Undergrad: 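I have a structure I would like to understand better, so I am pasting it below and will then ask my questions one at a time.
Residue numbers begin at 1 in each chain, while the letters A, B, ... track the order of the sequences. In this text, all values refer to a predicted model and were calculated from it rather than measured experimentally. Worth knowing before you read on, the calculation uses all heavy atoms, side chains too, and leaves out hydrogens, waters and symmetry mates.
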Amino acid sequence: LCINNNMASNGLSYDGCNFFRQRLVLSTLSGKHVKIKNIRSKDDNPGLRDFEASFVRLLDKVTNGSRIEINQTGTMLFYQPGLLYGGSVEHDCNLQRSIGYYLEALLMLAPFMKTPLKATLRGVTNDPTDPTVDLLKSTALPLMKRFGIDGEGFDLKVVKRGMAPGGGGEVVFTCPVCRTMRPVQLTDPGKIKRIRGVAYSVRVSPQMGNRIVESARGVLNQFLPDIYIYTDHMKGANSGKSPGFGLTLVAETLDGCFLSAEMSSTPQGQGDSVLPEDLGRNCAKLLLQEVYRGGCVDSSNQSLALLLMTLGQQDVSKVLLGPLSPYTIEFLRHIRDFFQVMFKIKVQKPSEDERKGGEKVLMTCVGVGYSNINKTVK
Amino acid sequence: MDGKVKKQKKHQQKHSGPKAEKKKLRKHDKPTEEDDRRRNPKAFAVQSAVRMAKTFHRAQDIKTRKHHIPLVDRMPLEPPPVVIVVVGPPKVGKSTLIRCLIKNFTRQKLGDICGPVTIVSGKKRRLTFVECNNDINTMIDLAKVADLVLMLIDASFGFEMETFEFLNICQVHGFPRVMGVLTHLDSFKNNKTLRKTKKNLKHRFWTEVYQGAKLFYLSGMLYGEYQTQEVKNLGRFISVMKFRPLVWQTSHPYVLVDRLEDLTNPEKVRMDPRCDRTVSLYGYLRGAHLKNKSQLHIPGVGDFQVSDVNFLPDPCPLPDAQKKRALNEKERLLYAPMAGVGGLVYDKDAVYIDLPASHSRQQQEVRPTTELVQSVIDTHTTLDAKMAASKVSLFTGSATLDPSDLNEEPGLQEEHIWDPNSQRERRKVVFPGEEENVSESSSDEHSSSEDDEHAADEDMNDELFTLIKEVRAESETMAEGAPPSKIQKLEEVKSCGQSVAELPAFADSNDELEKSEEEDEGEDESEEENEVGRAEDSGHCSEEEEEESADEEVNTDGESEEDEEQGGSLVCFFMKICLTYGCTVHQSCSWNTTDFLRVCFLGLKGTSRLGLRGFHALHQLVSAFWFAFPGALRWKEDLQQKAAEAFLRQQEAAPNLSKVVYGSVDSDEEDEELGGLFRVSRPHKSKRLQTNSVDCSRFPPDSSLNWNLEEILDSIRDCFVTGKWEEGQDAATLLKQDDELYGDFEDMETGEVHKSQTAGQQEEEEVWGVRMEDEEVQKNKRLEKKRRLKERFNAEYDDGDATYFDDLKEEMQKQAELNRAEFEEMDDETRVQYEGFRPGMYVRVEILSLPCEFVANFDPHYPIILGGLGSSEGNIGYLQLRLKKHRWYDRILKTRDPLIFSLGWRRFQTIPLYHIEDHNGRHRLLKYTPQHMHCGASIWGPITPQGSGFLALQSVAGTKAHFRIAATGVVLDLDKSVTIVKKLKLIGYPYKIFKNTSFIKGMFNTVLEVAKFEGASIRTVSGIRGQIKKALSTPPGSYRATFEDRLLMSDIVFLRSWYPVTIPQLYNPVTSLLRSVGQKDNWSGMRTVGQLKHDLGIRNKPNTDSLYKPIARAKRRFNPLHIPKELQKALPFKSKPKFQQPKGKMPRDLRRPCVIREPQEKKVAALLHALGTVHHYKKKKTTTVQHAKHKEFLQQKEKQEEAKLKRQKEAKKKLYRLMGQMDKKKLKSSLKGAPKDD
């Protein structure tokens, strides 16, 4: 049998488990196989963690013909990507990371499937480490729509909410299939016209939501009157297994860009508890921070935007970002490794009299001319 | 051209005479269409509405059929040469035509046409001619890269199979422009047959290409060449032709190789002649952008990864833009390295073409030589120069030492300058004394050109340099009499530093900034400690070894520093010295302050390039010096501190972001060399930590901003709609603009004229502020206003009937403009990094590990194509195709017979399985392709995007009489598994039959197998349907089943199931280019089973059951019919069984004897007979007479009857009339009577 699926290249090799998702996702999209060595090899508990294994399993579910080899200790992983299949997928996500961890990768893969994806993910919907489901719903989906991924059934639905340690949440993500990406020119974010948000609380007093809203409004009202924060209190079977609360804020600009911030309470039994007032205020400040960073794409979706630009037609795409996060910087390097695409990075310094936050980065690239090779032609 | 060209007689227009009169008259009263309409309106009236609707419909249809889906025009400004493939069967005149065309365009003669020939044909167009030989492999490859096909047809012979094959290949791989050329027309003696042949050929050609396709006629040869005028016309056609972009070509980069070189180490080849070769291939890049390290396929060889790409100066450039009509002699270039034109010299990376014409050109490009041996062999330079170029490494693996490292006496220096006049690089001699001025001016230019581009960087460095200037000024006052040019030099340093910093050498620069950034983005402090420690280390180890040479070295450095201002090498060298001698400096007491300062400046210059580490080294140096001269430099204590701070601040404030992102990845090599001798190994704690840290996309907030403070809050005020708006977008301004546009209006009812306020104001302003406001501003304003007005007008009037098509086209147009403009101002080096190598560039592609046969068996008559592959096109998997046997191919195709496919760039042999889709979406395996229908085919092959066309051949070896293209089709789907199934019937027999239930055995072997099929429907051959119920324990594999009727023991039960088929994973690329010269056209791969049997003489032993045997049928016997007695009684006699014996023969005694008459008796009998006859005759006669009489009588009777009826009728008539008259009278009287009575 053919060990090397790729006839020309020898694939890529990396060290360590950081940026694990990036590597596997880009490998899947580019068709290059990847070998990750020394995964926590010096650690007391070497090898892949459960959540990473769960991620690999999810990847196996959405693809057809992938080959995954893990050595005995789990410190080495070889991944040879198959073709993205899609269809109806159910996955119980590991509780160590929230669904956002898995969903971020799925968002990148979903438009390039053979059949439209309908993924039901179960696990932790909201936790402090990863972008929550609400945040992705309110920022990533409109961003993807800008790239031409749209149509019936492009949706992310939170069926059940499950807070951090216990989980028990459920999310349904559906995405249509797309053949090519549209090049975008997102150079002007426009001015923020409204702020929306969701203050959620499960298995705590329903009053928590109102308290969060109150304090968050207090901070944001200095800038804008058009603020509306929904309170979402889930009960019974929809409330998961652990108590908790949190807030997601989204600022929408005139040109249809979304900036967001979020904060959730510390998981039960992991550190000091937070007052809802403090949480609301801090989250509002985080949003201000995000506005200060600025750009057309908020900081947690930078990599998604850059990926979709890379996968566009062989045309120039431009997007204005806030300062690049370390994750994005690594992502850019990986894009260069997998697709040989380099971005033109231009720093835009704010002028003296302008009061529009910090410096921005204008990212420009020429797409690789990627087309969805998985889709069936009739 | 020869000088005495015959001057054409100029056309002279007649101004008088009858001809002029006629013309004038004609011009004067030319009947226009308008006139016709007026004179004869009836002729132009609508005759029939239906007909009009039809014509309109048709016109619209034709219009829409001309629309293509708009594509983004990705053609670069300077397009690559147009590939013209000249195809045709052998001896049709291909080479002659190419030779004539080349002669027509360039006035040069080319002998053998080997490989592609590139020429400049006009101001904007270059052409590459390729001759296609009669090998189907070559035809397939060239059809994929052709822009224009010149299809040569021997008119004296007619069409040959190759022509049709080539056209079909073209159809599959995207149809390039095709132009037919008829040759050998001079062989027709009869004019009429010539005309007829032309017509026939033309019409056949049209049906193949399209109606009205251009067919060119080359009438005859003259001295072995085609006629000049005809060739010229053909050339004109070619040079104005337009090309529609083909999908495959525009989405993939490709190179038609026109030159190749083997770069393998000769020693390696000598040791092992069959070792893999490193080859560099040259050619114009076409299609899409090519990226470094991407994958490509060489048809006929295989898949490879590009190890390196770089672009070279165009060997055949278009003439510079000048306003003139034709090209001059010098600009008609010809480039054909494979054709061996004139004295062709291959150098390592340069090629010299010596053309026999009056003018000759040189393309040369200089690269630093690396090997000592090679430099010694090279006899073009003197020994000294060679020694200067050579390098020595002291230890294996360490960096080489340049003579510049130990530069004692600066002699004559050379400088490479591009001379635009002579079009070559000139080596200018530069003397050390005057060098400063020259380099100054050049670097000034350089800096000025870069100034605006890198203003930001300059800003960041500004502070530092002002500081240095201050120091410089002070040192001057101290040193008394430093040369006045020093300040200028400082500026030079600045520009130099910048230019170096801006080099896009992300990949391999040993830049310290990158390193530090890569190590940890946020931990500058720890880094600092690290660096200092390292610098000290290196200092220590060097202390013992090179103490003596230290001051000498430093002094020489001081001298050499004078003359090598612009090269970065000195900076490196300086840094090396700094690091090596950092701690020993204090022993060199002969140093004075100026020397030190000079070192300092150079160091600073270095730091701008080398970043943090260099800076710290300098820091070390300075502190060491400081230690040595405590008194002398006390005043600088604070200054140095300041400089350090300033530098760090800038480094933090604005690092080059793209360097941060891209520069660091490659610099994670473990060791880095110091002075070419020592390696530094550094701990990688921070890195280790990073590699295994948490994978999270969250960007933690910057804690430095305190969002409780008012000024921080203020910094984002304008991000909200409530904040301040920009000049142009402010609501007030927008309102004002609207006023300007729509301000003036007249009220029609009242007749009042409303003048806008602003207009009035503006007039006033104009009166007042002509002097105040600039003309420029006014003009811009007006232009802006005009533009906006126009936009609005367009929006209102044009967009009304703008279709979706127009919108789409406009969008594409915009994108194309953006694509062109985005990277336009960049230099190619940088641009290439971002967008890849763009089409039109002349590139050099280096590929490692090509098979040695590629080089050894190279034949320039076979084209080499580098076809770039998309991101996952290098992979292999299952492909599902829609396939149709070609209607001209004379056999159907069999499943599992190997077939050679041409798909994408590739040609490969694989084993297809044919299938057809059933109504429920099942793919059922077919044994053979259908005759006239599409079917599905599944193969194991390279992943190619859906929608790509392919063709299939059974063999590519040799030439055959019949049509070779077996099938064509398109890719539908790619997958890693297949869904083809074939029908499988499992058979069982009943061994026990109850009513409707039976026990069946023999279908399965185990209980488990049965369990899998529980509930499955089964059927007998006689059509009784049933279901499997449950497995039985004995015999194993038997089961209970129920049926809709009772079975017989003789029934056979079967279960219909579908069995998945696996596709054999054969992917065998056609490596025709690797075969030896002369053998390239008979590659043969795997043989079909039929061929194998034929070749090996194996005959199948047929199944004896299948053989035909004479049929011997046994006689059918029936049992006697038994009817019960009771029934017998009840039956009617007719149906009763007859038990009587059939009558036997009449016994003799009962039989009557025959009578024999006597003669007398005979006579009597005869007489009686005669009498009887007479009697009969008489009787007959009387009856006829009687009959006639009776008939007459009847007739008479009838007549009488008729007469009687007539009489009666008349009587009746009379009677009725009377009765009627009476009635009438009665009625009349009654009518009359009544009114009277009233």
Side-chain angles (χ1 to χ4, degrees), chain A residues 2 5-9 15-21 30-31 40 64-65 82-83 104 129-131 183 191-193 222-224 285-286 288-289 291-292 299-300 303 314-316 325-327 329 332-333 336 339-340 342 344-345 347 354-357 361 364 366 368-371 373 376-377, chain B residues 72 74 251 288-289 291-295 303-305 521 657-658 660-662 665 688 690-693 695-699 701-702 705 707 713-723 815 818-819 822 833-835 870-872 874-877 943 945-947 972-977 1065:
Chain A
C2 188
N5 204 330
N6 196 307
M7 293 177 280
S9 89
D15 261 6
C17 68
N18 205 358
F19 313 111
F20 185 73
R21 286 177 296 164
S30 69
R40 301 194 183 89
N64 177 23
L83 290 168
E104 273 186 305
T129 43
D130 284 305
K191 291 193 186 298
I192 293 166
K193 62 176 176 187
Q222 300 175 60
F223 293 101
L224 210 64
K285 282 175 187 167
L286 274 185
L288 295 184
Q289 170 92 43
V291 172
Y292 180 82
S299 58
S300 55
S303 46
Q314 292 175 333
D315 292 319
V316 169
S325 69
Y327 186 80
I329 289 176
L332 285 171
R333 290 175 191 156
R336 189 184 56 170
F339 288 105
Q340 286 89 36
M342 267 172 74
K344 184 177 154 193
I345 304 170
V347 179
E354 231 178 17
R355 296 182 299 173
K356 283 192 165 179
V361 184
T364 311
V366 180
V368 287
Y370 189 85
S371 70
I373 54 158
T376 310
V377 189
Chain B
V72 179
R74 300 201 176 92
S251 58
H289 293 288
K291 303 251 161 57
N292 204 348
K293 308 275 177 220
S294 58
Q295 305 169 16
D303 281 29
F304 300 96
Q305 189 161 22
E521 264 99 30
L657 197 55
S658 47
V660 171
V661 174
Y662 292 119
V665 177
R688 242 335 99 66
Q690 207 194 9
T691 54
N692 279 325
S693 62
D695 174 21
C696 177
S697 65
R698 270 275 174 83
F699 191 8
D702 183 6
L705 296 168
W707 291 99
L713 287 176
D714 266 346
S715 67
I716 57 166
R717 283 269 177 229
D718 291 347
C719 292
F720 296 88
V721 281
T722 49
Q815 185 66 46
L818 182 74
N819 290 353
E822 184 55 37
Q833 302 236 354
Y834 292 127
E835 52 168 20
S871 50
S872 46
N875 287 359
I876 200 161
I943 299 285
Q946 317 91 321
L972 292 185
D973 196 8
L974 316 159
D975 213 336
K976 293 278 180 185
S977 54
Q1065 295 192 339

Undergrad: For S294(B), enumerate each residue passing the side chain to side chain donor-acceptor pair (under 3.5 Å) test, keeping only those at least two apart in sequence or located in another chain.
TA: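 By the side chain to side chain donor-acceptor pair (under 3.5 Å) rule, S294(B) matches no residue at all.
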
Undergrad: Does the side-chain contact (heavy atoms from CB on, under 4.5 Å) test come out yes or no for L83(A) and L974(B), once each step is laid out?
TA: CA-CA 8 Å; L83(A) 290 168; L974(B) 316 159; 4.1 Å; yes

Undergrad: For L713(B), is it the side chain, the backbone, both or neither that has a heavy atom under 4.5 Å from a heavy atom of chain A?
TA: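 Both parts, backbone and side chain.
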
Undergrad: Please round to the nearest 0.5 Å and tell me the distance separating atom OG of S30(A) and atom CG of N875(B).
TA: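 It comes to 8.5 Å.
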
Undergrad: With a 4.5 angstrom heavy-atom cut-off, could you sort out which part of R74(B) is near chain A: side chain, backbone, both or neither?
TA: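 The side chain, not the backbone.
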
Undergrad: Look at the side chain of D695(B) and the backbone N and O of R21(A), then say whether any donor-acceptor pair between them is shorter than 3.5 Å.
TA: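 The answer is yes, because a donor-acceptor pair under 3.5 Å joins these two groups.
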
Undergrad: Tell me, for Q946(B) versus chain A, whether the close heavy atoms (under 4.5 Å) come from the side chain, the backbone, both or neither.
TA: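 Contact with chain A is through both the backbone and side chain of Q946(B).
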
Undergrad: Apply side chain to side chain donor-acceptor pair (under 3.5 Å) to D130(A) and list each qualifying residue two or more places apart in sequence or on a separate chain.
TA: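 If we apply the side chain to side chain donor-acceptor pair (under 3.5 Å) test to D130(A), skipping adjacent residues, the hits are R97(A).
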
Undergrad: Which one wins on heavy-atom pair count under 4.5 Å against chain A: P945(B), S251(B), S977(B), G870(B)?
TA: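 Among P945(B), S251(B), S977(B), G870(B), the one with the most close pairs to chain A is S977(B).
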
Undergrad: To the nearest 0.5 Å, tell me how far Q833(B) CD sits from Q340(A) CD.
TA: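 Nearest 0.5 Å value for the CD-CD distance: 13.0 Å.
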
Undergrad: What part of E104(A) gets closer than 4.5 Å to chain B, counting heavy atoms only: side chain, backbone, both or neither?
TA: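 It is the side chain, since no backbone atom gets that close.
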
Undergrad: Look at H289(B), Q815(B), K291(B) and state which one has the largest set of heavy-atom pairs under 4.5 Å with chain A.
TA: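 It is Q815(B).
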
Undergrad: How many angstroms lie between atom OH of Y327(A) and atom CZ of F19(A), to the nearest 0.5 angstrom?
TA: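 Here the interatomic distance stands at 8.0 Å.
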
Undergrad: Charged N to carboxylate O below 4.0 Å: is that the case for E822(B) and K344(A)?
TA: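 Counted as a salt bridge, because a side-chain N and a carboxylate O are separated by less than 4.0 Å.
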
Undergrad: So which of T364(A), V361(A), V368(A), D315(A) has the largest heavy-atom pair count under 4.5 angstrom toward chain B?
TA: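 The candidate making the most pairs under 4.5 Å is D315(A).
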
Undergrad: Checking N292(B) against chain A: side chain, backbone, both or neither under 4.5 Å from a heavy atom?
TA: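 Just its backbone gets close to chain A.
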
Undergrad: At a heavy-atom distance under 4.5 Å, which candidate from G31(A), C17(A), S303(A) has the highest pair count against chain B?
TA: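 Of G31(A), C17(A), S303(A), C17(A) has the most heavy-atom pairs under 4.5 Å with chain B.
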
Undergrad: Given the options V366(A), L286(A), L288(A), L224(A), which has more heavy-atom pairs under 4.5 Å with chain B than any of the others?
TA: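 Heavy-atom pair counts peak at L288(A).
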
Undergrad: Considering only heavy atoms, which portion of F20(A) lies under 4.5 Å from any heavy atom of chain B: side chain, backbone, both, or neither?
TA: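 Both backbone and side chain.
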
Undergrad: Heavy-atom pairs under 4.5 Å with chain A - which of D975(B), T722(B), V72(B) has more of them than the others?
TA: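 The candidate making the most pairs under 4.5 Å is D975(B).
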
